[in-house]
Amino acid sequence: MKSFKIFPVIVLGIAGVANSGAQSVDFTNPSIKAETEETPAEVRYYIASDNGQHKLSEKTLGFETSTSGSVSGTITLLPQTKYQDIDGFGFGITGSTCYNLMKMSADDRKALLTDVFSPTLGYGCSYVRVPIGCSDFSLREYTCCDTPGIENFALTDEETKYIIPVMQEILKINPDVKIISTPWTAPLWMKNNGQWTGGNLKSENYDDYALYFVKWIQAMKANGIPIHAVTPQNEPLNWGNSASMYMSWTEQRDFIKKALGPKLRSECPEVKLYAYDHNYNYDNKSEEQHYPLKIYQDKEAGQYVAGAAYHNYGGDASEMTYIHDQAPEKELLFTEWTAGAWSSPGVGMEAITTDSWPIIYAVMFNWGRGAIVWNLLLDSDNGPNRPGGCVNGNGAIDVAKSDFKSLTYNSFYYVICAASAAVGPDSKRIGTTGTINKIDCIAFENGDGYSTMLRNTSSEEKKIRIKEGNRSFVATVPANSIATYRW
């Protein structure tokens, strides 16, 4: 039997908590996740609760020897009912996130990244999103080719001092992490308004911009950072971000089929291309409804596109099922959502059960292959951020700007880490049978076994029998909590 790593999350020092219910940790004496001897327990589990009593520490339990105990109901896994492959769960690794990480001590940074990304000593998060050039969470507005002429492409200090060192450290901890990258804007000389905000890509620069993507991918690869996928544009229907560029579905179709698709296929055939990368409701623009489906339907463009990516700032995840039903051979991915002063009920632990639905359950039930939330780490002033962009959004973790040591863990951290703990290599969502009031269940078949993630939205503890084949165990899920079980 496989030996397990037991790693309780220990609160070592309480700093000022800006968000009610959030866990704050001081890394003066970092939490140590101790390796234990092989244990006869067969099921690992992790619980995170809105009231803060459970913080994803790992525990174990055994399979039942009898089924006589009283339970609220039974959920049976159906491995023969298979749905989508799962690529993983993770966070945005922006310039701001990396700047904050590099301001931490090397030991504290390693402890944090190990906790998040290690598949043996942490939760095994396995998918990240890295901007191509600046985003609204960067130290300044820039692209990697601000001087006209694609021959002037070069990485900047934001990549070489912050993003690349952090990504190298993450990949050392977990070499299987997948990376999806997307630009917020093309270089200004390629745009019809010559401005950071808004504007459109000029058609005469399609080839230059396609080569810009290739140069980015090659530069990252040269630094030991393999890019798994790209999208042509972050939030293509958003005119107003600090750095942004409008790209209608017809513009994206033409850019893909005339330049980006052929260039990626010839120079970077291992890199997937996902269309769209914006809200479920297409920002209520009637002419843009079902944006990726229209690109798929163009045979020239559709051949280059692996699928589509979505955000959760408008609309409903059921749009992904609509797209899937029309094009089941294409993949779907959730790539951004953030919490902040504008969200309800908040960003601390009290939002865990609320946030877990749109981030994990709605995505999984609507054919998403994975979920990536926005910044892994921001400072206590929600930054660094760019004027005109998102200035009141929290990180999944916030670090005190006073010392770059005290950490506040918010709901997105717990939700993504709980989901990551459920999946391993070659994971696939599978079916279940059994309905229990106020309990939501997702199940996975992994390369090394099975897992399930439960969500209890009731005010009472629930005892649930989980059955897989001829064996079962009882999961005790506290009120208003999420729980991951893996065996």
Side-chain angles (χ1 to χ4, degrees), residues 2-15 17 19 21-62 89-91 108 110-126 173-174 348-353 355-356 360 376 396-398 406-424 449 451-456 461-464 466 473-487:
K2 181 179 178 181
S3 63
F4 301 120
K5 312 288 186 179
I6 309 299
F7 45 93
V9 176
I10 304 172
V11 180
L12 297 161
I14 302 298
V17 178
N19 304 293
Q23 176 196 358
S24 184
V25 177
D26 189 314
F27 268 114
T28 303
N29 180 20
S31 171
I32 303 299
K33 295 178 172 59
E35 183 175 351
T36 64
E37 298 297 325
E38 186 170 350
T39 168
E42 296 167 289
V43 181
R44 291 172 286 168
Y45 70 96
Y46 316 78
I47 297 172
S49 56
D50 290 358
N51 63 12
Q53 291 183 4
H54 301 273
K55 300 183 175 74
L56 288 185
S57 60
E58 185 186 85
K59 298 180 181 179
T60 59
L61 58 83
F89 305 93
F91 305 92
D108 290 353
K110 182 178 179 180
L112 189 157
L113 294 178
T114 299
D115 174 65
V116 172
F117 292 103
S118 173
T120 54
L121 299 175
Y123 300 110
C125 292
S126 58
I173 292 168
N174 185 352
M349 290 194 72
E350 74 277 6
I352 287 174
T353 53
D355 290 343
S356 63
I360 305 299
L376 170 64
I397 308 169
D398 295 325
S406 303
L407 300 175
T408 300
Y409 289 79
N410 296 313
S411 65
F412 281 23
Y413 163 84
Y414 290 101
V415 170
I416 290 292
C417 288
S420 295
V423 301
S451 60
T452 185
M453 187 173 172
L454 304 175
R455 174 178 180 256
N456 180 5
E461 176 184 277
K462 299 270 189 177
K463 290 184 180 293
I464 302 158
I466 304 296
F473 61 90
V474 173
T476 302
V477 187
N480 299 306
S481 67
I482 57 175
T484 293
Y485 297 83
R486 185 168 173 179
W487 63 99

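- Listed for the S481 side chain is no donor-acceptor partner under 3.5 Å among the backbone atoms of S49.
- D115 CG to Y409 OH: the interatomic distance, rounded to the nearest 0.5 Å, is 5.0 Å.
- What you find for M453 and V415 is that their closest heavy atoms are CE-O, 4.2 Å.
- The shortest non-hydrogen separation linking S118 to L121 is OG-N, 2.9 Å.
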Please assess I464 against L454 for the test side-chain contact (heavy atoms from CB on, under 4.5 Å), listing each intermediate value before the final yes or no.
CA-CA 10 Å; I464 302 158; L454 304 175; 4.1 Å; yes
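- In this structure, CZ in F473 is found 7.0 Å from OG1 in T452, a value given to the nearest 0.5 Å.
- Across all their heavy atoms, P478 and N456 have their closest contact at O-ND2, 3.0 Å.
- Residues forming a ring-ring contact (aromatic ring centres under 6.0 Å, His included) with F89 (at least two apart in sequence, or on another chain): none.
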Using the side-chain contact (heavy atoms from CB on, under 4.5 Å) rule, take Y45 and T60 through it: C-alpha gap first, then chi angles, then the decisive distance, then the call.
CA-CA 6 Å; Y45 70 96; T60 59; 5.6 Å; no
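- The NZ atom of K462 sits 12.5 Å away from atom OG1 of T476, with the distance rounded to the nearest 0.5 Å.
- Atom CG in N480 sits 11.5 Å away from atom NE2 in H54 (nearest 0.5 Å).
- Contact of the Y46 side chain with the Y123 side chain is registered, since non-hydrogen atoms from C-beta on lie closer than 4.5 Å.
- The two residues T484 and A418 make their nearest non-hydrogen contact at OG1-O, 2.8 Å.
- Summarising the geometry of R486 relative to V423, their closest heavy-atom pair is NH1-O, 3.2 Å, with the distance given to 0.1 Å.
- Rounded to the nearest 0.5 Å, atoms CZ (F412) and CD1 (I397) are 13.0 Å apart.
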Under the criterion side-chain contact (heavy atoms from CB on, under 4.5 Å), I'd like the reasoning laid out for S420 against S126: C-alpha separation, chi angles, the key distance, then a yes or no.
CA-CA 7 Å; S420 295; S126 58; 5.6 Å; no
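- Of all the heavy atoms in A419 and I360, the pair that sits closest is CB-CD1, 3.6 Å.
- Residues Y414 and D50 have side chains that never bring a donor and an acceptor to within less than 3.5 angstrom of each other.
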Could you check I482 against I352 for side-chain contact (heavy atoms from CB on, under 4.5 Å), going step by step and ending with a plain yes or no?
CA-CA 8 Å; I482 57 175; I352 287 174; 3.6 Å; yes
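- For the atom pair CD1 of I466 and OH of Y485, the computed distance is 7.5 Å after rounding to the nearest 0.5 Å.
- The closest side-chain heavy-atom distance from L113 to L376 is below 4.5 Å.
- In this structure the side chain of T408 reaches within 4.5 angstrom of the side chain of N410, judged on heavy atoms.
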